[in-house]
Amino acid sequence: MVNSVQKAGASPAQWSSRFAFIMAAVGSAVGLGNIWKFPYITGENGGGAFVLVYLGCIAIIGIPIMMAEVMLGRRGGKSPIGTMQVLSRAEGRSRGWVGIGILATLASFLILSFYSVIAGWTMPYIMSAASGELSNISAETSGALFEGLLASPGQLLLWHSVFMGLTVLVSAGGVRHGLERAVTKLMPALFVLLLILVGYATTTGHFGEAVSFLFRPDFSSLTAEAVLVALGHAFFTLSLASGAMMAYGAYLNKKVSIVRTSFTVAILDTCVAMLAGLAIFPVVFAHGLAAGEGPGLIFVTLPVAFGQMPGGSFFALLFFVLLLFAAWSSSISMLESLVSHLHERGISRVKAAIGGGLVAWLIGITTLLSLNVWSDFAPLSMFERFEGKTLFDLYDYFTANIMMPLCAFLTAVFAGWVMKPEHSAAELGQRWHGVWYAVMRYFTPIAVLIVFYTNLG
């Protein structure tokens, strides 16, 4: 049975090396969540104590689920939908389990549609930094710059289109010549840029303050809500429950250790988040700005800080290029679940990438319009929970709060309860399988349900 599964699920393409898979997986995990969201939610939730809880959640929830997704992907050897078809049949279980692959693919595709709009914001900021427009910029001018961008459907459409085009370009190239070539260049470049920015942050005179803020826990400032935020972010930051890790796992050589590779990916992803904090907070503290500024920290507050520092325009340029690279590497993985499925059904990879990208681009237009022209359009306001939520808000809510937690829960149940333990052990190895199996059966589903219930509460 094991051999028949491997043969039936054999992938026609593979990563050339373990390094290539790690770069792809880290590229999928590292995105706006690490560099945009992590710093501001850390600031909002008290710093060091929040970081400590977040790291614990990565270790006991994020890594086990990642191992499960990569394991399922490699064993099935196909797209998330194809993989779940192969595995449910091999395990002698209901074909209904293919719903995991369908749900993951839909979630990642919908996220890509609005993620592209947000990622597009980085491009006009790159141009502004390069032109010197951010030099000595005031808080009022910075706020007006950002608000002006959001209020312009034409600008948003332009940058959304460019970003989606970049994503499709890589996806159309295939595994070796598209995905692998892009991530093995983008990710090292991202780390270099981040290290340069951290080096710059050490010259602000407030680096020690940032280190203390991030790594010295003050549990008196930790609330129950902050713990749940850490749990939720740890779950989402590793690009879980979106089909990406399952799709990338299908291209992973059987000789590569899933356990060691998953730990490496999680560690590198976490390092990026920590380095982003060390790059951002010294600059923020140097100018007496608040660490908990919320989503505006990157696009409103940080340009003010960079604009007041010697050489700030150059380092602002590096920062927004870094943000673009991180977003691009993530968006590539979001499209892969759908493209690989369409390719399995006989559609050429180029046509699948263009077709999938075009539909995501069209849905993204409704997102960018909801930021301005349709800002008063709240189609589900008849329900109290969704009162005032725009289309963008609804896309974000349903993917983050319903589709992804549900997909993660079903994945944990399938890996821990439906799949035969000897089959998962064959992929993960006997040394670590016992611990992983216990966590996947009893701890992970409960933790994911807590996130699910809290998000719906």
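- Within the 3.5 Å criterion, the main-chain N or O of F398 finds no donor-acceptor partner in the side chain of N401.
- With a 6.0 Å radius and a threshold of 12 heavy atoms from other residues, nucleotides or ligands, K420 has its NZ atom above the threshold.
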*Show your working on ring pair (Phe, Tyr, Trp, His ring centres under 6.0 Å) between F319 and Y125 and close with a plain yes or no.*
CA-CA 10 Å; F319 178 80; Y125 273 83; 9.9 Å; no
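- Annotation: side chain of F38 is in contact with side chain of M274 (closest heavy-atom distance under 4.5 Å).
- The side-chain heavy atoms of I41 and F50, taken from C-beta on, include a pair separated by under 4.5 Å.
- With no hydrogens or angles considered, a side-chain donor-acceptor pair links S424 and H433 at under 3.5 Å.
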*asked:* Checking F215 against L52 for the side chain to side chain contact (heavy atoms under 4.5 Å, CB included) test, could you report, in this order, the C-alpha distance in whole Å, the side-chain angles of both residues, the deciding distance, and whether it holds?
replied: CA-CA 8 Å; F215 302 115; L52 196 61; over 6 Å; no
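- Between N253 and V256, the closest side-chain pair of non-hydrogen atoms falls below 4.5 Å.
- For T390 and D393, the side-chain atoms include at least one donor-acceptor pair closer than 3.5 Å.
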*Apply side chain to side chain contact (heavy atoms under 4.5 Å, CB included) to N45 and L222, showing your working.*
CA-CA 7 Å; N45 291 284; L222 189 68; 5.9 Å; no
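- A donor-acceptor pair under 3.5 Å links the side-chain atoms of S330 to the main chain of G27, judged by distance alone.
- Considering only heavy atoms from C-beta on, R75 comes within 4.5 Å of M419 through its side chain.
- Counting only heavy atoms from C-beta outward, the side chains of V162 and M123 approach each other to under 4.5 Å.
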Give the table of side-chain donor-acceptor pairs shorter than 3.5 Å for residues 237-250, with sequence neighbours excluded, one pair per line with atom names and distance.
residue: T237; atom: OG1; partner: D269; partner atom: OD2; Å: 3.4
residue: S239; atom: OG; partner: S28; partner atom: OG; Å: 2.8
residue: S242; atom: OG; partner: S239; partner atom: O; Å: 3.4

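- Between E427 and R74, at least one side-chain N (NZ, or NE/NH1/NH2) sits under 4.0 Å from a carboxylate O, which counts as a salt bridge.
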*Applying side-chain hydrogen bond (donor to acceptor under 3.5 Å, both in side chains), run through W374 and T366 and close with a yes or a no.*
CA-CA 8 Å; W374 292 353; T366 66; over 6 Å; no
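- Y251 places a side-chain heavy atom less than 4.5 Å from the side chain of E336.
- The minimum heavy-atom distance between I22 and L268, with the atom names listed, is CG2-CD1, 3.8 Å.
- No hydrogens or angles considered: nothing links the side chains of T411 and E69 as a donor-acceptor pair under 3.5 Å.
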*Using the ring pair (Phe, Tyr, Trp, His ring centres under 6.0 Å) rule, take W432 and Y437 through it: C-alpha gap first, then chi angles, then the decisive distance, then the call.*
CA-CA 9 Å; W432 294 100; Y437 192 60; over 10 Å; no
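- Looking only at side-chain heavy atoms (C-beta outward), I100 and P80 stay at 4.5 Å or farther from each other.
- Legend: side-chain hydrogen bond (donor to acceptor under 3.5 Å, both in side chains) pairs involving residues 103-119, not counting sequence neighbours, sorted by first then second residue: S116-H160.
- One side chain, E344 or S79, offers a donor N or O that lies under 3.5 Å from an acceptor on the other.
- In this structure, F114 and F392 have tilted ring planes: the angle between them lies in the 30° to 60° band.
- Contact check for V413 versus W97: side-chain heavy atoms found under the 4.5 Å cut-off.
- Every residue two or more places apart in sequence or in another chain was checked for a side chain to side chain donor-acceptor pair (under 3.5 Å) with T184, and none qualifies.
- More than 12 heavy atoms of other residues, nucleotides or ligands lie within 6.0 Å of CZ in R176, so this atom counts as buried by the packing criterion.
- Put simply, the residue from F163, F299, W159 that forms a ring-ring contact (aromatic ring centres under 6.0 Å, His included) with W121 is F299.
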